[in-house]
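Below is one structure, written out as structure tokens; comments come after it.
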Amino acid sequence: MSDFDSRARKAADAVRQQIAENASDSEKGIRRAQRSPARVAIPSAVAAAVALIVGVVVVLPHGGGEGTSSAGPGAAYAVPGALQPFDTCDTVLQYFKDQAPEYLIERAGGGDRVATDTGSGAAEQRTAKDSSNTTPESASTPQDYSTTNVQEAGVDEPDIVKTDGKRIVAVAQARVHLVGLDGGKMTLRKTLPDTMVRSVFLSGDRVLVFSGQTAQSSEPGLRWAGQRAVLTMYDISDLSDPRLIAKLTIDGNVLDARLVGTQVRVVTISSPDVNAPAPVYAPDGGITEKSKEELRAAVASTHVDDWIPTYALQDGAGGEVSKGRLVECANLAHPETFSGLDTVAVSAFDMGSALQSRQTVGLIAGGQQIYATDTSTYVSTTDWTRDGSAAKTSLHKFVTASSGASTYQGSGEIPGTLLNQYAMSEYDGVLRVASTVSERRGWTNPRQLTQGAVTTLQEQDGALRQLGQVGGLGQQDNESIKAVRFIEDRGYVVTFRSTDPLYVLDLRNAAAPKVVGELKIPGYSGYLHPIGENLLLGVGQSGLDSGIAPSPTTRRSQVGVQFSLFDISDPAAPRRIDTQTYGGGAAAAEFDPKAFLYWEPRNLIIAPTNLHGDYRGKGAFSGLVLLRADADGLKELGRLATSKAYGTVNRSLVVGDTVYMLTDHALQANSLDTHREIDQLTL
């Protein structure tokens with residue numbers, strides 16, 4: 001569930017972006033105040049210990065290591081691993097009582113250790129390629145409608161628009177609109193009552209709506225506004241009269257979700273709900289000793305349910321079906337070393353159910369990104385430091401069976417930070433992870449050193465153990481990773497600072513990944529998409545001949561939106577065979593891969609694009625750029641603009657011979673053949 005809203009910049013990971021919107025608790029109290037990954041600060045000494053995998057050694061540019069793991073009880077943690085399972089609720093409560101007081105005092109400013117932020121920005125072995133707008137059905141049966149651009153074939157992701165060719169379910173103005181289709185003509189049949197909507201799933205006649213809810217609380221010395229995730233299921237067989245089936249409310253936020261067949265996997269993150277007086281500060285800025293003692297006393301008087309997130313399930317009539325702990329104590333675990341007070345939970349249920357068949361497992365740690373295959377779900381957390389050393393990212397693997405039961409499989413750690421979910425990919429049982437590693441070196445003349453790295457890991461003895469690593473990507477110019485795409489046993493990584501190197505990696509030997517090709521060009525690509533077998537499309541920005549990055553001081557005539565087509569048939573010699581460059585602005589896919597659409601039946605690239613125009617607004621454009629790519633290059637087939645000032649185009653979809661563009665205020669339909677406008681619908 002991507003946001004939930006990641007959707008970075010509401011244009012990428014609309015799922016993760018909204019999670020990061022939670023504000024810090026102004027009183028620095030300890031309530032379930034900011035139920036989002038962005039809200040917890042971990043002391044640096046703790047962050048350094050957050051190496052959730054025990055015994056993984058990471059060395060750049062090349063390295064590997066072996067280690068040990070520890071076993072423990074717990075139904076959902078039958079595989080021994082780096083996480084330590086709990087056996088009873090008493091041990092869960094004692095863990096929080098032992099860890100929370102000093103951590104919370106430090107977070108409120110009463111400790112000396114430097115804090116670090118765990119905030120977001122943040123199985124069966126599969127051999128399928130990364131997908132290009134495919135679903136399980138489209139893999140075998142041609143469809144006359146497009147689907148969400150997802151990372152893995154057959155693993156759907158929540159989005160702000162879905163269609164089955166007969167109707168459109170669109171999110172605009174944070175509401176869900178049900179639209180009937182008739183030859184390109186649109187009819188708004190119903191707007192669902194849900195508010196603060198972030199994304200939806202559509203499966204058959206079922207719609208699952210992901211939304212948020214702000215919960216207000218007021219107590220002596222403490223004011224609090226927390227977050228709750230709301231999942232609502234509807235039957236829309238009659239678009240004009242949708243039927244509410246069930247409503248599930250969960251403490252915290254949805255980090256992201258996936259839909260495989262009819263099975264939904266939801267990853268949530270929640271903060272504890274402990275009542276305590278607001279801290280009192282001494283003249284030196286630290287918390288007074290009396291305030292510290294009050295905090296310790298508040299923690300000592302807590303019950304286990306103050307720490308574990310809860311849920312409440314209602315039926316379609318609003319009656320209570322059940323409520324209680326989201327994760328049972330026996331299905332909880334924690335890292336060997338403390339890594340915060342949040343609970344990350346993985347729940348699963350069937351779209352055909354009334355949100356009742358969840359099987360939930362959780363860990364006490366932070367969470368930011370998720371990546372999923374048809375059976376595996378990986379949750380990542382980046383631990384930032386402020387002492388100049390490189391940040392580290394922890395990875396946790398869960399497997400969900402066809403029954404819906406999830407189990408923890410192991411944890412691992414890599415150096416650096418992840419760009420987005422596309423930085424992770426599982427192939428033939430090996431997890432490949434691309435990260436940007438940045439650290440400060442030197443005492444007298446300190447300098448920041450930045451490079452890209454790709455690390456391979458595999459589940460072994462209940463842990464994700466490093467197999468191999470290649471580093472030094474962009475190291476010469478201190479470049480960060482701007483785009484990643486793994487396709488079977490190859491990896492494609494774009495780094496950028498002054499030029500745009502496209503690196504091609506050979507990943508056939510997971511123990512010895514290596515760079516086999518490199519291409520340096522001006523500008524950069526922020527998203528990479530495979531076109532057929534030997535072509536790769538890059539969506540990003542052009543640059544000057546000198547290769548400098550676009551900036552507010554750079555003349556718009558010199559930089560702009562750029563589509564680059566690469567020939568990758570020879571891994572050792574990738575070639576850019578063509579570009580299409582436009583004015584200053586952005587193609588939405590640069591920040592949000594879900595905004596990209598490759599309509600394979602027509603070999604058509606459909607890219608929502610927004611251009612600023614000059615200082616008078618001349619040349620401004622909001623709409624779709626249509627391109628065709630083949631071995632001869634890129635050809636623009638047209639530009640479809642919104643006919644009215646409907647705002648930024650966020651998505652496009654195709655049904656038959658009609659293309660639809662979605663803004664936050666309207667849907668517009670145009671003919672794919674003539675490009676003429678057919679209809680428009682204000683939302």
Side-chain angles (χ1 to χ4, degrees), residues 1 3-4 32 35 156 158 162 164 167 169 171 174-178 189-217 226-270 273 305 308-328 331 343 345-362 400 402-406:
M1 332 291 50
D3 183 217
F4 312 28
R32 186 170 280 137
R35 307 172 187 228
D156 197 12
K162 297 285 184 178
D164 59 5
R167 54 205 167 185
V169 179
V171 179
R175 301 288 298 275
V176 179
H177 308 277
L178 307 181
R189 303 286 292 277
K190 196 73 173 181
T191 295
L192 297 179
D194 307 76
T195 59
M196 295 178 64
V197 176
R198 295 159 181 175
S199 55
V200 297
F201 273 135
L202 173 63
S203 177
D205 287 329
R206 294 289 181 96
V207 167
L208 180 60
V209 178
F210 297 102
S211 58
Q213 181 183 91
T214 300
Q216 300 291 339
S217 177
Q227 292 294 316
R228 290 178 182 152
V230 181
L231 283 64
T232 313
M233 183 82 77
Y234 290 92
D235 182 323
I236 61 166
S237 51
D238 183 348
L239 275 186
S240 299
D241 187 22
R243 181 172 61 90
L244 175 63
I245 296 172
K247 180 178 180 180
L248 176 66
T249 303
I250 299 173
D251 289 331
N253 283 290
V254 173
L255 193 60
D256 213 335
R258 296 294 184 267
L259 175 64
V260 180
T262 60
Q263 183 192 85
V264 179
R265 266 175 272 159
V266 180
V267 181
T268 56
I269 183 165
S270 310
D273 186 5
D305 290 328
I308 300 177
T310 61
Y311 79 93
L313 178 63
Q314 296 177 319
D315 59 25
E320 181 181 295
V321 175
S322 61
K323 64 180 180 179
R325 298 175 189 137
L326 179 64
V327 188
E328 292 302 326
N331 291 341
T343 297
V346 179
S347 304
F349 53 85
D350 193 273
M351 285 289 287
S353 73
L355 301 178
Q356 296 184 45
S357 57
R358 300 175 319 284
Q359 299 288 333
T360 302
V361 60
T400 302
S402 57
S403 65
S406 297

Requested in this report: Give the intermediate values and the outcome of salt bridge (charged side-chain N to carboxylate O under 4.0 Å, His left out) for residues Arg258 and Asp256.
Outcome: CA-CA 7 Å; Arg258 296 294 184 267; Asp256 213 335; 3.1 Å; yes

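- With contacts defined as side-chain heavy-atom distances shorter than 4.5 Å, the pair Thr268/Pro309 does not qualify.
- Considering every non-hydrogen atom in both Thr232 and Val230, the closest pair reads OG1-CG1, 3.6 Å.
- Arg189 and Ser240 make their closest contact through NE-OG, 2.8 Å (heavy atoms, listed as atom of the first residue, atom of the second, distance).
- Qualifying side chain to side chain contact (heavy atoms under 4.5 Å, CB included) partners for Leu313, counting only residues two or more places apart in sequence or in other chains: Ala246, Leu248, Tyr311, Val321, Ser322, Leu355, Gln356, Arg358.
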Requested in this report: Walk me through it: do Asp305 and Arg325 pass the test salt bridge (charged side-chain N to carboxylate O under 4.0 Å, His left out)?
Outcome: CA-CA 7 Å; Asp305 290 328; Arg325 298 175 189 137; 2.5 Å; yes

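- In this structure, Arg175 contributes its side chain and Asp194 its backbone to a donor-acceptor pair below 3.5 Å.
- To the nearest 0.5 angstrom, Leu326 atom CG is 9.5 Å from Glu328 atom CD.
- The shortest side-chain heavy-atom distance between Leu178 and Arg167 does not fall under the 4.5 Å cut-off.
- Between Ile236 and Leu202 the shortest side-chain heavy-atom distance falls below 4.5 Å.
- The structure places NZ of Lys190 at 7.0 Å from CG of Asp241, a figure rounded to the nearest 0.5 Å.
- To the nearest 0.5 Å, atoms CZ (Phe349) and CZ (Arg265) are separated by 12.0 Å.
- Between Asp350 and Gly352, the shortest heavy-atom contact is OD1-N, 2.7 Å.
- In this structure, Arg228 and Ile250 have side chains that are not in contact, with every pair of non-hydrogen atoms separated by 4.5 Å or more.
- The two residues Lys323 and Ala312 have their closest heavy-atom pair at CB-CA, 3.9 Å.
- Smallest separation of non-hydrogen atoms from Ser406 and Ala348: OG-CB, 4.5 Å.
- The main-chain N or O of Asp251 is found under 3.5 Å from a side-chain atom of Ser270 such that the two form a donor-acceptor pair.
- Contact annotation: the side chain of Met233 approaches that of Arg206 to within less than 4.5 Å [non-hydrogen atoms, C-beta and beyond].
- Scanning both residues, Gly362 and Val327, for their nearest heavy atoms gives N-CG1, 3.6 Å.
- Two residues are said to be in side-chain contact when any heavy atoms from C-beta on lie closer than 4.5 Å; Phe210 and Leu231 meet this criterion.
- No side-chain heavy atom of Val169 sits less than 4.5 Å from a side-chain heavy atom of Tyr234.
- Within the 4.5 Å cutoff, no side-chain heavy atoms of Arg198 are placed close to those of Val171.
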